[in-house]
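A quick note: this is a predicted structure, and the numbers were derived from the prediction, not measured.
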Amino acid sequence: LLAAEKAVQQYRSNRSKDHEDGTKLTDLDETASLERAAHITLCLLADLNAANEQLRNMTSGSTPSKAAPVRNTSTASTGESQSAAVVPNLRTALEEDTESAQFLMKLAPRIRRLESSTVESLSQAMEFLLLQIQEARENAESSGAVARNKSEDDGTDEKKVSAPPMSGNSMQSISTTGSKDFDNDLDLLSDMDALLMLGHCMRGLAILGRGDNVESIFARVAIMPLIRSKVSMGRLDEGGSRGECAGLFSLLDEMATSIQQTYGSLLCLAEDMFHVSGDESNSSIDVDLLTAGVWVPIATALMADTAIKMAIFSPGIASILQANYIALDTFLAELAGRLLSPKSIEGRANGSSAITNGESEADAFLQKSALPKERIDRAQERIYAHSKTAEFSKRWNLPIYYQLRFGESCSRLNRAVDQTKREGWIAQVFSGSEDRAVELKSKIGFELTLFLELYDVLSDLWRPDVILRPLTNRFLRGSVQLVGRSVSFISESMEGKIKFGEDPAENKPKSEPENGGSSEPAYPTRAPYCWGESEDDVAAVAWELTILESAIQNDYVDTVCESLQGDQTTDPAETDELKTLVGELLREASDQIRPIVDKAWNSVIVRLLTTKCVAPLSAVKGVAVMYRMTNRPPPTQPSSFVGTIFRPLKEFSQSFTNRTPVTIGSKWKQQIVVTVSDKYAAAVDELLTTVQRTEVALKNRKARRVAAGGMSDGEKLKLQLYLDFKFFHQSVREVGVDPGTVIGVSKLKELTAEGETLYQRQHNGS
C-alpha cells in the first residue's frame, strides 16, 4: 500500500512541477509505476473484499464447525460435578484469526483512496499522452503548410519540409527543418516510448475495471477534436451543389486516413493487448478502442447535428441517398481493415521487407506483430454488433428509397405501354441509348422496343448506382412485379380487353388556335383495334415473351448475381449457390410468361388460322353445280379452292419457322389440320348425301342421260371429290402433319372411296 501510494504521489508531484515549467511530457518509468500501482491496488481490493466477507460470516454466526470435546472420565468416577472442565484434544479447532481482516478493514479508506487516485493518475497520464500526439500532428501539418507556401512564394524547387502526417503506425516520424521545439518534443518522446506509456495506462485502467474510461478518454481527447475539425456542411457539400453531399466520400476517406496515420499504432496495440488468445470464439474484449473509441464518436457526430443528419440520411433524392449509403457502408465495412493495417506494413507487403533508416522503432515493432486477418475480421464483427451500429442503420429510410426507385421504373414502363397502345407494336418506345439498344438486340435477341424497354428497366434496378444490398429482396420482388405488369398488359390486350390505337378525334382535346388562326384538327392514328386478331402480331409478341422468359432465367440471373457480389472474389460453389437461389426467386416471374405463350399459339393463333383455312371450304357445295346437267367431261385436276385451304398456314409457318418456341412444337398445326379436316369431311359428306338423293329421284326417268365418257353426273362429282381429297392429303403432309393421325382425313378417304375406284378405272382405261 505504501509503495503504491508513493508511486501515485510521485507522479502527481512531477506533474505539478511539469505544469509549472510549461511541459507536458510523461516519463516511461512513471507510467510503468502507475501500472504497478494498479496491480497492487487490485490485490489490495481483492484482500479487502475477502476480509469483508470473512467478518460478515462471523457476525452472521456461520462459523466453521468445531470438533466435539472429550470429557475427562477420571473426574466422573470421583464423583465430581457434571460441570467439570473439558479437556481439548488435538482435533479441536482453534478460534478463527480475524486480526488480519480487521487490520485490512482499518486500511479500507486508504485503499479506496488509492484506487481513485490511481485511476485519476492513469487517466490524466493517458490524456497528456494523447494531447501530445494531437499537438505533434497539428505542428507537423502547420509546419508542412508553411514550408509549402514559402516554397511556392519563392518559386524554388527546394526540398519541402518532410512532415508527413503520422507514419501510419506511430505518433510521428517527422524530420523537419523549421520547428526546433517540435524536434525537441520528438527527441524526448520517441515513438516506441509513446506506445509503451499508453500501453501502461490502458492496461492499468483495464486492470481496475475501468476499460470504459480508456474508451471515453480516447474518444474525447483524440477522435472528437479530429472529427470537429473536419466535419461540416461546407466540407460535406464540397465539389457539388448544396445538399448533394458530394464531399461525403472524400470526407470519410480523409478521416479514416488521419486516424490511421495518427493513431493506427495505438489501435493495433490495444487490439493485440486486450485480445484473449485462449478464447478465439469470444468476440468481446475489456477495451474496444476501435469500436467505442473511433466508430461510436464518428457515428454520433454524423447523427447529432440536425443539418448534417438531414443531408445524409434524408436528402429526398434517390440518387443522393444511394450515394450517401454506399459511401458510409463502404467506410464502415473497411474501417477495421484500414485502421488496423498500418501503411508501413502494407508497403512491405508490396515487396519491401527491409526497415529503412527513416522508419521508427514502432514501425519495426508493428511489422513483427502485425495483426492476422482473423483478428481484423473479429474486430469488424464487433463494430457490426455494437448497438450504435444498429441505431445508425435505423437512420436510413431504405423503404422510401425503394419506393422512389420502383416508382421511377414503373413510370418508365407506363410511358412505354401508353405509347405502344397509341401507336402499336411498331412504336419506338426505348428510352435508352442507341448503343444499349444494339447490345440488347444482339445479346438477348429482342426486336420489339417495348421488350427492350422492359428488360432495360429490369437491368437498371441492379446498376451499382441504384441497388442497395439490404433491399435485395425488395428489388427482386419489384422485378417480378414489373414482369407481371407487362404480362398482364399483353394478355388483356391480346384478348381485346385493352384496345390499341387512339380514341376518335372527338375524344381528343383540340389544340388552341394561335394568333387568331384556326385550330388544327386532331386526327387519330387509327381506329381502336385488337392486335390479337392478327396472327403475325400474336406470334411476334409470343416470340418476344419466349426470349424474355429465357433471359430472366439466364442473363438476368447473372446480372443480379454480379451486382450482389460486386468486386468481391467468391468461391465458385458460393456463386453457383447464389445463382440457384436467385433463379428460384425469379422463377415466379418467368412462370407468368409460359401460359401466355401457350395460349397465344395453341388458342389464339390456332383460332385465327383455322378461320382462314376453313373459309375456302364453302366452295365444296359448288362442285355439284359444275357437273349437274352440264355435260362436262370427267375431271382430271383438283378444284382450285383446295390449294388455298392451307395456304395461310403454309405462309405463316414459313414466316415463323425460326421464331416458334421449342416448347410449342407442332401441336398447334395438328389442331388446325384436325379442325379443317373435320369440317371438310362434314362438307363432303353433306354434298354426297345431297347427290345421292338427287340420283334416287332421277333413276326412274327414262330420259336419264349418260354423260360424255360414259360417266353420270354423280360419278363425275365423286371423281372430282376424290381428286380434291388426293390434293388435300398431299397438302396436309406438306404442312408437317402426318395424315394418318388425323381422323378427318381418314373419313374423307372413306367418303371418296367410289371416286378412287372411278379414278383407277379411268386411269387404266386411258
Side-chain angles (χ1 to χ4, degrees), residues 240-246 248 309-329 393-423 427-433 436-437 440 444 446 448-493 498 545 548 551-552 555-557 559-560 562-564 566 582 585-586 588-590 592-593:
S241 303
R242 182 72 173 178
E244 289 185 355
C245 297
L248 178 60
K309 179 176 65 175
M310 292 295 294
I312 292 177
F313 298 101
S314 304
I317 301 176
S319 58
I320 297 178
L321 178 61
Q322 197 268 351
N324 293 347
Y325 182 90
I326 292 298
L328 282 164
D329 184 65
S393 300
K394 292 179 181 178
R395 296 288 182 177
W396 298 105
N397 201 343
L398 297 185
I400 296 298
Y401 171 77
Y402 168 74
Q403 292 298 331
L404 292 174
R405 288 300 191 184
F406 187 68
E408 294 174 357
S409 300
C410 290
S411 298
R412 185 177 168 187
L413 182 61
N414 289 337
R415 288 193 298 268
V417 169
D418 292 340
Q419 186 176 351
T420 301
K421 288 196 311 186
R422 291 194 306 270
E423 303 176 13
Q428 300 299 314
V429 301
F430 185 65
S431 59
S433 63
R436 177 61 174 167
L440 291 178
I444 308 299
F446 291 121
L448 300 179
T449 56
L450 177 63
F451 290 88
L452 289 175
E453 184 76 354
L454 171 60
Y455 193 82
D456 194 52
V457 168
L458 293 174
S459 300
D460 283 351
L461 292 176
W462 304 97
R463 290 204 323 259
D465 59 342
V466 174
I467 183 61
L468 294 179
R469 290 179 65 88
L471 296 174
T472 299
N473 61 326
R474 292 177 180 263
F475 276 87
L476 285 171
R477 184 177 63 188
S479 301
V480 175
Q481 291 175 342
L482 290 173
V483 174
R485 166 76 175 86
S486 303
V487 170
S488 176
F489 162 71
I490 294 172
S491 177
E492 292 180 0
S493 59
I498 298 177
L545 286 172
L548 177 63
I552 290 176
D555 298 87
Y556 193 63
V557 170
T559 299
V560 173
E562 291 173 0
S563 176
L564 295 179
V582 173
L585 295 174
L586 292 176
E588 180 181 352
S590 60
Q592 302 177 66
I593 300 175

Give, for atom [atom1] of [X] and atom [atom2] of [Y], the distance between the pair rounded to the nearest 0.5 Å.
{"X": "Ile326", "Y": "Leu321", "atom1": "CD1", "atom2": "CG", "result": "10.0 Å"}
{"X": "Ile312", "Y": "Arg395", "atom1": "CD1", "atom2": "CZ", "result": "11.5 Å"}
{"X": "Glu408", "Y": "Leu413", "atom1": "CD", "atom2": "CG", "result": "13.5 Å"}
{"X": "Phe489", "Y": "Leu450", "atom1": "CZ", "atom2": "CG", "result": "6.5 Å"}
{"X": "Leu454", "Y": "Leu545", "atom1": "CG", "atom2": "CG", "result": "9.5 Å"}
{"X": "Leu440", "Y": "Thr449", "atom1": "CG", "atom2": "OG1", "result": "12.0 Å"}

**Study point:** Under-4.0 Å salt bridge between Arg463 and Asp460
**Key:**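 Here Arg463 pairs with Asp460 in a salt bridge, since their nearest N and O are under 4.0 Å apart.
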
Practice item. Using the six-membered ring wherever Trp is involved, compare the ring planes of Tyr325 and Trp396 and label them parallel, tilted or perpendicular (cut-offs 30° and 60°). Key: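 Answer is perpendicular, since the angle exceeds 60°.
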
Heavy-atom side-chain proximity of [X] to [Y] below 4.5 angstrom:
{"X": "Leu471", "Y": "Arg405", "value": "no"}
{"X": "Phe451", "Y": "Val429", "value": "no"}
{"X": "Ile593", "Y": "Ile552", "value": "yes"}
{"X": "Pro399", "Y": "Arg474", "value": "yes"}
{"X": "Leu461", "Y": "Leu482", "value": "yes"}
{"X": "Val480", "Y": "Gln592", "value": "yes"}
{"X": "Ser314", "Y": "Asn397", "value": "no"}

Review point. Quick check: are there more than 12 heavy atoms from other residues, nucleotides or ligands sitting under 6.0 Å from CD of Glu588?
Key: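 Result for CD/Glu588: open.
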
Where the side chain of [X] meets the backbone of [Y], is there a donor-acceptor pair that is under 3.5 Å apart?
{"X": "Asp456", "Y": "Leu452", "answer": "no"}
{"X": "Ser491", "Y": "Val487", "answer": "no"}
{"X": "Gln322", "Y": "Leu468", "answer": "no"}
{"X": "Ser459", "Y": "Tyr455", "answer": "yes"}
{"X": "Ser433", "Y": "Arg436", "answer": "yes"}
{"X": "Ser479", "Y": "Phe475", "answer": "yes"}
{"X": "Thr420", "Y": "Ala427", "answer": "no"}

Exercise for review: Given side chain to side chain contact (heavy atoms under 4.5 Å, CB included), test Phe430 with Leu448 step by step and report yes or no.
Suggested key: CA-CA 9 Å; Phe430 185 65; Leu448 300 179; over 6 Å; no

Please report the closest heavy-atom contact between [X] and [Y], naming both atoms and the distance.
{"X": "Gln428", "Y": "Gln419", "answer": "O-NE2, 3.4 Å"}
{"X": "Pro470", "Y": "Asn473", "answer": "O-OD1, 3.7 Å"}
{"X": "Cys245", "Y": "Ala311", "answer": "SG-O, 3.2 Å"}
{"X": "Glu453", "Y": "Ala416", "answer": "CG-CB, 3.9 Å"}

**Study point:** Distance-only side-chain donor-acceptor flag, Trp462 / Tyr556, under 3.5 Å
**Key:**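 On atom types as modelled, these side chains qualify, holding a pair under 3.5 Å.
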
